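Just below is one structure, and these are the notes that go with it.
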Amino acid sequence: MNLSPDGIVYWHVGPLALNATIVFTWAVMLVLSLGAWLITRGLDASLAPSRWQLLLEALVTAMRDQIQEIGHESAGRYLPFIGTLFLYIAAANLLAIVPGFEPPTGSLSTTTALAIAVLVAVPLYGVTEHGPRAYLAHYVEPTVFMLPFNIVGEISRTLALAVRLYGNIMSGTLIVAILMGLTPFFVPIAMQALGIVTGIVQAYIFAVLAMVYIASATAVHARRDPSTD
């Protein structure tokens, strides 16, 4: 039993290996890209929108409203990043119902990469909004001796993001695999359904936490920005 798709290797030459994490990561990106193209290719303001278009618009509107509620400002600049995180994680978890599919979010390397993307995005949004000086100033508050602690805090919450998502997806997969061996009929089906719900919830939590970190950074520096005094 493989607890992570990293352990499933399809092709190996020297130091190069093509494992399930890479294969299914690209599969998720292909599904999302193809789905977006198919839904939006026939957009016409003069025609009635299709059900898929309405579903996509409802999803985008819901994400925009959630970002607006958390950040208390225009969601337009954050929607591409936060929306991409949510859609990728949700799609990866939902596709787990396909036989043979190994969700890449069950790999610590994938969840770490997603968390690092958040780690990089937080200061980028802060610096873009208020400049490097105003952003970096909070790392030495209330004194310069807090600098290492604030840096450790940034790293630790990134680690928490990665481990939380990985642990939940991996544990769900492991439980279903165990139950399949014990009772190979009704119980695993129920657990699979529960796993789908859990996967969506985990995608939502990851995206919300990412937005909370970004909103916290921009709000803190907004209060420090001399131009607002």
Side-chain angles (χ1 to χ4, degrees), residues 5 10 18-71 73-107 109-122 124-125 128 161-162 164-166 168-169 172-173 192-193 195-215:
Y10 298 120
L18 185 66
N19 58 30
T21 300
I22 298 173
V23 170
F24 291 116
T25 292
W26 281 93
V28 172
M29 292 190 294
L30 178 62
V31 168
L32 290 175
S33 300
L34 183 60
W37 177 75
L38 289 174
I39 294 173
T40 59
R41 62 175 177 169
L43 292 182
D44 191 333
S46 62
L47 299 177
S50 65
R51 282 179 289 184
W52 284 107
Q53 181 183 337
L54 290 174
L55 176 62
L56 184 61
E57 290 178 357
L59 181 60
V60 171
T61 300
M63 291 189 295
R64 183 185 297 273
D65 292 343
Q66 188 67 59
I67 293 172
Q68 181 93 29
E69 183 177 342
I70 295 172
E73 55 184 299
S74 175
R77 61 182 305 211
Y78 307 116
L79 182 60
F81 178 67
I82 300 299
T84 300
L85 285 176
F86 174 78
L87 290 176
Y88 172 78
I89 298 172
N93 295 340
L94 281 175
L95 287 173
I97 64 175
V98 178
F101 183 88
E102 294 288 339
T105 46
S107 165
S109 59
T110 298
T111 59
T112 300
L114 294 172
I116 290 175
V118 176
L119 176 66
V120 174
V122 170
L124 282 181
Y125 278 115
T128 302
L161 268 180
R164 179 188 292 108
L165 179 58
Y166 165 72
N168 280 281
I169 303 304
T173 302
Q192 191 75 28
I196 293 174
V197 175
T198 301
I200 297 298
V201 171
Q202 290 304 315
Y204 173 78
I205 291 175
F206 194 99
V208 166
L209 286 176
M211 188 60 223
V212 167
Y213 297 155
I214 293 172

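Predicted model only: the values in this text are computed from it and were never measured.
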Exercise for the section: Decide yes or no for Ile82 and Gln66: does some side-chain heavy atom of the first lie under 4.5 Å from some side-chain heavy atom of the second? Expected result: no

Side chain to side chain contact (heavy atoms under 4.5 Å, CB included) filter on Ile22, not counting sequence neighbours, yields Leu18, Asn19, Trp26

Separation between OG1 (Thr84) and CE (Met63), nearest 0.5 Å, reads 8.0 Å

Hits for ring pair (Phe, Tyr, Trp, His ring centres under 6.0 Å) against Phe81, two or more places apart or cross-chain, chain-then-number order -> none

4.5 Å side-chain heavy-atom contact, Leu209 and Val118:
no

Tell me, do Leu59 and Leu55 make a side-chain contact under 4.5 Å, heavy atoms counted? no

Applying side chain to side chain contact (heavy atoms under 4.5 Å, CB included) to Ile116 and not counting sequence neighbours gives Thr112, Val120

Set out, in order, the CA-CA distance, both residues' side-chain angles and the distance that settles side-chain contact (heavy atoms from CB on, under 4.5 Å) for Tyr88 and Thr25, then state yes or no. CA-CA 9 Å; Tyr88 172 78; Thr25 292; 3.5 Å; yes

Sequence neighbours excluded, the answer for side chain to side chain contact (heavy atoms under 4.5 Å, CB included) partners of Thr40 is Leu43, Leu56

*Above 12 or not: heavy atoms from other molecules or residues under 6.0 Å from CZ of Phe101?*
yes

Hits for ring pair (Phe, Tyr, Trp, His ring centres under 6.0 Å) against Tyr125, two or more places apart or cross-chain, chain-then-number order -> Tyr78

Separation between CG (Leu94) and CD1 (Ile200), nearest 0.5 Å, reads 3.5 Å

Side chains of Arg77 and Thr128: closer than 4.5 Å at any heavy-atom pair? yes

Contacts of Leu38 meeting side chain to side chain contact (heavy atoms under 4.5 Å, CB included) (sequence neighbours excluded), chain-then-number -> Leu34, Arg41

Would you call Tyr166 and Thr110 a side-chain contact if the rule is heavy atoms closer than 4.5 Å? no

All heavy atoms of Ala203 vs all of Ala90, minimum pair found to be CB-N, 3.5 Å

Keeping Thr111 on the side-chain end and Leu165 on the backbone end, is there a donor-acceptor pair under 3.5 Å?
no

| Any side-chain heavy atom of Leu114 sitting closer than 4.5 Å to one from Leu161? | no

Sorted by chain and residue number, the ring pair (Phe, Tyr, Trp, His ring centres under 6.0 Å) partners of Phe206 (sequence neighbours excluded) come out as none

dist Ile67:CD1 -> Ile214:CD1 (nearest 0.5 Å) comes out at 8.5 Å

Sequence neighbours excluded, the answer for side chain to side chain donor-acceptor pair (under 3.5 Å) partners of Ser107 is Asp6, Ser109

